[in-house]
Amino acid sequence: MAEMKMLRVLGGIGVLLATTMAGTLLLDLKPQRKMVLFRIQIILIFFMLMCAVTRFVWINLTVLLPSRRTDSKTLLVVHWLSYAFLVIIVALSFFSIPVSRLSIGREPFFITRIAFTCLGLVILLFFNLCFLSAIFTILWFFKCPFPNANKWKAVIASAVSIFLCIHGLSAASKGPSVVRKTIPLAKLPPSFYGTTIVQLSDIHLGPMVGSADLERVVNRVLIIKPDIVVITGDLVDSTVEKLKQIILPLKKLSSRYGVFFVTGNHEYFTGDAEAWLHELKKFGIHPLHNSHVLIRSPTNPEDKIYLAGVDDVEADRLSYEDHGMKLSKALSGKSAKYPTILLAHQPKAAQQALNQFSDIDLILSGHTHGGQFFPMHIPIYLFNPFFAGLYKHKETYVYVSSGTYFYGIPLRIGSTPEITILTLVQKQ
């Protein structure tokens, strides 16, 4: 009864918050002020969800604690130490997002790393406990009850979750792997055969990814010596003012034909997207703000490639002033004689482009992180038309990067961060 009452209260609060978020979208406010309101609402929704998640995890795990009603001092100490440890994990996971907003330095703070790791562990515990609860319920339904099911459920879920958390931390801490793909293009001019494009995506500079991480990626790109470098959104997770020191390694990033950037949803969540476009220009990075550039071959000026980019679709949802996905504007004036490469952060934007234009040769996207860590693969796979890797739609190739680093929770389970090298070849 108490559980149902709590769920009704949380549901009511959720409906209220969803209504206020819809109202915020309609307000005529400057982007930064609107984003402040959104962040407050998102944090409140996060708290509401964490109330339900942590309560479920707490109820299921406390069955493992030794009883306080014991004459053994050792068991009593174990009880309170276990209790305190569980409280710390729950508290840190609960306050992970506010902690990250308040603590952004040149390198991630220790407390931020721990808080987001605890959040990842709690999510894994929640999923594993739900899965095992369903398994034990099915066994009970078929009259095959498992003795001490609650304790076994807690033990198995804890062991599996801790193992996955350690594995995910290890995979994420190794940094991005180099992924190589060959893209055959029918209209590729001869002097561009073998052209290499390095794609970076979803770096998420901010609370959890710092200057040293960026330096490592930039140095690896410089060793590759690509012809073109593209950054397909979600480069940053805070304002220019807060990240000025973190982004300094970008000054070294270069390639034969230049470095190009399109916005992702997180640039708009900062409320500082326009300032970021200006700041990146200072670093020699060319923002493709619903625009395209014509890349000419130095050996044969008649050989060309169109490189276009669009603002992220989130700009439209947020009614972000002077921003929004405008495909027609980005592709206007191009000739169908030459290949067109489009940068569009979200796979949904890639799908829109495919629906509207049949003469795009290659679309580069990111956003999904390849699921980042299981079980997040499930909703990300279901809500995106393309998940990760290389796809072909009629005569157009679509490549979705799994991201160069990670967002928030420093785990990679069932996905690998990547620096992508795309080699353009003539279609046979």
Side-chain angles (χ1 to χ4, degrees), residues 1-8 10-11 14 45-66 82-83 85-94 96-97 114-172 368-384 387-389 402-403 406-417:
M1 195 71 178
E3 293 293 324
M4 288 302 297
K5 187 176 180 181
M6 187 190 78
L7 287 173
R8 282 198 294 269
L10 290 175
I45 289 173
F46 174 76
F47 281 160
M48 181 191 71
L49 291 172
M50 287 303 292
C51 281
V53 169
T54 53
R55 180 177 172 80
F56 178 79
V57 170
W58 182 273
I59 289 170
N60 279 275
L61 292 191
T62 49
V63 298
L64 295 177
L65 299 183
S82 303
Y83 191 89
F85 182 68
L86 198 53
V87 167
I88 290 168
I89 289 174
V90 168
L92 284 172
S93 65
F94 200 89
S96 55
I97 290 182
I114 294 297
F116 272 115
T117 301
C118 288
L119 177 59
L121 179 59
V122 167
I123 291 172
L124 289 171
L125 283 165
F126 177 76
F127 174 78
N128 287 320
L129 285 166
C130 287
F131 178 74
L132 289 168
S133 295
I135 294 295
F136 287 139
T137 300
I138 291 169
L139 289 174
W140 174 83
F141 182 80
F142 286 103
K143 297 182 180 179
C144 300
F146 204 86
N148 297 316
N150 287 337
K151 284 195 174 182
W152 276 109
K153 180 173 65 177
V155 167
I156 296 169
S158 299
V160 171
S161 299
I162 291 169
F163 170 79
L164 289 174
C165 191
I166 293 170
H167 168 74
L169 279 170
S170 174
T368 66
H369 296 215
Q372 187 161 321
F373 71 97
F374 193 82
M376 302 309 295
H377 293 62
I378 300 168
I380 291 171
Y381 179 83
L382 292 174
F383 288 101
N384 286 281
F387 179 62
S402 290
F406 52 81
Y407 173 61
I409 298 168
L411 302 182
R412 281 283 186 169
I413 302 169
S415 69
T416 304

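Numbers here simply count residues along the sequence, with the first being 1. Since the model is a prediction, treat every value here as computed from it, not as a measurement.
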Asks: Between CG of L65 and CZ of F85, what distance do you get to the nearest 0.5 Å?
Replies: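 L65 CG to F85 CZ: 11.5 Å, rounded to 0.5 Å.
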
Asks: Looking only at heavy atoms, which two atoms of H377 and I413 are closest? And how far apart?
Replies: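 The pair with the smallest heavy-atom distance is CE1-O, 2.9 Å.
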
Asks: Between the side chain of T368 and the main-chain N/O of F387, is any donor-acceptor distance below 3.5 Å?
Replies: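 Answer holds: yes.
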
Asks: Would you tell me whether S161 and N128 have side-chain atoms, one donor and one acceptor, within less than 3.5 Å of each other?
Replies: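 Judged by distance alone, the side chains do pair up.
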
Asks: Within the structure provided, determine whether S402 and T416 are in side-chain contact (heavy-atom separation under 4.5 Å).
Replies: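 Sidechains of T416 and S402: no contact.
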
Asks: Return the CD1 to CD1 distance between I45 and I97, rounded to the nearest 0.5 Å.
Replies: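 I45 CD1 to I97 CD1: 10.5 Å, rounded to 0.5 Å.
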
Asks: Check whether any side-chain heavy atom of L125 lies under 4.5 Å from a side-chain heavy atom of I89, and answer yes or no.
Replies: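 No, too far: nothing below the 4.5 Å cut-off.
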
Asks: Just by distance, do the side chain of S170 and the backbone of I166 share a donor-acceptor pair under 3.5 Å?
Replies: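 A pair under 3.5 Å: no.
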
Asks: Output the distance between atom CD1 (I135) and atom CH2 (W140), rounded to the nearest 0.5 Å.
Replies: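 The CD1 atom of I135 sits 15.5 Å away from the CH2 atom of W140.
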
Asks: Would you name the heavy atoms of F46 and S96 that are closest together and state the gap between them?
Replies: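 That closest heavy-atom pairing would be CZ-OG, 3.7 Å.
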
Asks: Show your reasoning for whether side chain to side chain contact (heavy atoms under 4.5 Å, CB included) applies to T137 and F141.
Replies: CA-CA 6 Å; T137 300; F141 182 80; 5.5 Å; no

Asks: Which atoms form the tightest heavy-atom contact between A157 and L132, and what is the distance?
Replies: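 So the minimum-distance heavy-atom pair works out to N-CD1, 3.6 Å.
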
Asks: Would you compute the distance between atom CZ of F131 and atom CZ of F126 and round it to the nearest 0.5 angstrom?
Replies: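 Answer rounded to 0.5 Å: 14.5 Å.
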
Asks: Run the numbers on S82 and L64 for side chain to side chain contact (heavy atoms under 4.5 Å, CB included), then give the verdict.
Replies: CA-CA 9 Å; S82 303; L64 295 177; over 6 Å; no

Asks: For V63 and K151, which heavy atoms make the closest approach, and how far apart are they?
Replies: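 Heavy atoms of V63 and K151 come nearest at O-CE, 3.6 Å.
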
Asks: Which atom pair, heavy atoms only, marks the closest approach of S415 to F373?
Replies: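 That would be OG-N, 4.4 Å.
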
Asks: Tell me, do W58 and L86 make a side-chain contact under 4.5 Å, heavy atoms counted?
Replies: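 Yes; the side chains approach each other to less than 4.5 Å.
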
Asks: Measure the CD1-NE2 distance between I409 and H369 for me, rounded to the nearest 0.5 Å.
Replies: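 Here the interatomic distance stands at 11.5 Å.
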
Asks: Between CG of L119 and CG of L124, what distance do you get to the nearest 0.5 Å?
Replies: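 Reported value, rounded in 0.5 Å steps: 9.5 Å.
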
Asks: Any sub-3.5 Å donor-acceptor pair from S93's side-chain atoms to V90's backbone N or O?
Replies: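 Yes; at least one donor-acceptor contact below 3.5 Å.
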
Asks: Taking it one step at a time, do N150 and N60 satisfy side chain to side chain contact (heavy atoms under 4.5 Å, CB included)?
Replies: CA-CA 7 Å; N150 287 337; N60 279 275; 5.5 Å; no

Asks: Examine distances only and state if a side-chain atom of Q372 and a backbone atom of Y407 form a donor-acceptor pair shorter than 3.5 Å.
Replies: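 Yes, Q372 side chain to Y407 backbone: donor-acceptor pair under 3.5 Å.
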
Asks: Would you check, one step at a time, whether the test ring pair (Phe, Tyr, Trp, His ring centres under 6.0 Å) holds for F127 with F374?
Replies: CA-CA 9 Å; F127 174 78; F374 193 82; 5.4 Å; yes

Asks: Quick one: do V53 and I123 satisfy side chain to side chain contact (heavy atoms under 4.5 Å, CB included)? Show the steps, please.
Replies: CA-CA 8 Å; V53 169; I123 291 172; 5.8 Å; no

Asks: Tell me the closest heavy-atom pair linking G403 and R412, and the distance in Å.
Replies: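 Closest approach of G403 to R412, heavy atoms only: O-NH2, 3.7 Å.
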
